Amino acid sequence: MSLLSDLRWRGLIHQTTDDAGIEAWLEERPRTVYAGFDPTADSLHVGSLLGLIVLRRFQQAGHKPIAVVGGATGMIGDPSGKSAERNLLSKEDLQRNVAGLGEQMSHFLDFDAGSCSAELVNNFDWVGPWSYLEFLRDVGKNFPVNVMLAKDSVKSRLGRNEGGEGEGMSYTEFSYMLLQAYDFVHLHEKHGCELQAGGSDQWGNITAGIDLGRRMRGVQLRGLTWPLLTKSDGTKMGKTEGGAVWLSAERTSPYEFYQYWINVDDADVTGCLRMLTELSREEIETLDAAREANAGQRESQRRLAEELTRLVHQESGLAVAQKATEIFFGAEICDLDDAQLTQIFADVPNKVFPSSRLTEGDLTIIDALVEAGLAKSKGEARRTIGQGGAYVNNRRVEGIGDCLTTENLASETVMVLRSGKKKYALLRFV
RNA sequence: GGGGGGUUACCGAAGCGGUCAAACGGGGCAGACUGUAAAUCUGCUGGCUAUGCCUUCGCAGGUUCGAAUCCUGCACCCCCCA
């Protein structure tokens, strides 16, 4: 199957500049494709995962991917899809963020693959040296304002302003598309890049680049967009109450990441499997059929979580996430050492006690629940235990007045206390 | 300025001298069920050194053996008349 028909089947094609010809054009010989990434944070999140995966697929099909980090454009702020003016980031913040993103991308793209090696570039490198006058003369000259005003990203902001709502748009944001358009021309010149891919909200910026290429250099560039990753209820994929789901283990632990995908709705899971994983069409169709027959099995979600966690956090991260899942959902805790427990429960509040309290029988489970913050008062702790909601190392506590002893240690110095289904605390005895 | 009504636990709302740590509903917590879903069902829901003790019904006093409940003053809110 050709790359493009695979992408189509996966639902990754929203629009192309050349529906009829682009498939053959891609089959003809290896091409160079680029996608941009916003350096608004030092880590990518699920929102930008799709871009990485699309580039990865292009590379697997023998094309050369270029990931552009918007060190320059990030200073301006892309108005596409935004209702209000963006806050500008400082140069230093951007530099740090760009470095962070590069590291993450290395897990998705192969930077050492001969002629189709991936490249990571920062558009600050070529935008920075421009002087304002030069830019206006060489680039700005090619942008008819009436065309710019017709772009959706601009029209919606101006329209809102007339109605008295929204904030309109600054000249700075208005200029954003010139910078991104010029990126495309630059990449064509220096890297032979002829195709820009992006989310569907990037269409206006992509076509601006194509127009600029034609005007400045008389070349034919191409564009392709993927649909925005949304859930069946219309909200964005990759958001939790706690904020975005990040790709860095520091911001979103492998366990949380794994859990996010395990919990994807039935209605959304097939789309995620197609768009985000590299499972074959046959495998995905088998999963779909299995899910329709017995949704409770949730094999689809499990595979999705597994594939993505492995891709983002490698085999080791997946193993930790799966072990943590097993434990967080009730498996009795045994045969683990301090280091493993500390890692699995890294996100859980922990409390240190002198070990003498264990040997002297000075620590009742009631006190432990209160001191570890799992109960607001001793009364509440008593109630929880009485109702069968307290667990030590995932084994239900039977006696209300019981004391903890060294017998209860799960490993050398650690004990795991739990209240209810999910509230955990780690007790460390030193 | 005059008259009336209100202020109860996380929220809403009963209670009108003892049986009130305070009905009921929501929320929250725990349990069962289940697909780590939705719905449903059950229990709990001020604190403690715990068959008892302490603190809570706008605030401060008072009456009474006994007050969330009665009286006085204060604060805030709502309505009606000027």
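Every heavy atom of this structure was used, including side-chain atoms; hydrogens, water molecules and symmetry mates were not. Here is how names work: the chains are called A, B, and so on, in the same order as the sequence lines, proteins then strands, and each is numbered from 1. This structure is a prediction, so every number in the text was calculated from the model and none was measured.
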Identify the pairs formed between an N or O of the protein and an N or O of nucleotides 38-40 of chain B at a distance under 3.5 Å, and give each distance.
none

Inset, instruction - Output yes when a side-chain donor or acceptor of A:D268 lies under 3.5 Å from a complementary backbone atom of A:S232, and no otherwise. - result: yes
Legend entry - B:G1: pairing nucleotide in any strand, Watson-Crick or G-U under 3.5 angstrom: B:C81
Inset, instruction - Can you check each nucleotide of nucleotides 43-52 of chain B against protein heavy atoms at under 4.0 Å and return B for base, S for sugar-phosphate only, - for none, in 5' to 3' order? - result: BSS-SSSB--
Legend entry - Separation between the C1' atoms of B:G6 and B:G12, rounded to whole Å: 15 Å
Inset, instruction - Could you check which residues of residues 303-311 of chain A get a heavy atom under 4.0 Å from RNA chain B? Sort them by number, please. - result: none
Legend entry - For the student: nearest non-hydrogen atoms of A:R298 and A:I262, plus distance: NH1-O, 3.2 Å
Inset, instruction - Verify whether one side chain among A:Y424 and A:N394 offers a donor that lies under 3.5 Å from an acceptor in the other. - result: yes
Inset, instruction - Tell me which residues in residues 319-336 of chain A put a heavy atom below 4.0 Å from RNA chain B, sorted by number, or none. - result: A:T325, A:F329
Inset, instruction - Within residues 245-270 of chain A, find the residues that approach RNA chain B with a heavy atom at under 4.0 Å, and present them sorted by residue number. - result: A:Q259, A:I262, A:N263, A:D266
Legend entry - salt_bridge(A:R222, A:D18) N-O dist < 4.0 Å: yes
Inset, instruction - Under 4.0 Å between any heavy atoms, over every strand shown, what does A:G389 touch: base, sugar-phosphate, or nothing? Just pick one. - result: sugar-phosphate
Legend entry - Modelled atom types, side-chain donor and acceptor of A:D112 and A:S117, under 3.5 Å: no
Legend entry - Partners meeting salt bridge (Lys or Arg N to Asp or Glu O under 4.0 Å) with A:E27 (sequence neighbours left out): none
Legend entry - Distance between C1' atoms of B:G28 and B:A9 (Å, rounded): 13 Å
Legend entry - For B:C44, the Watson-Crick or wobble partner whose two distances fall under 3.5 Å: B:G28
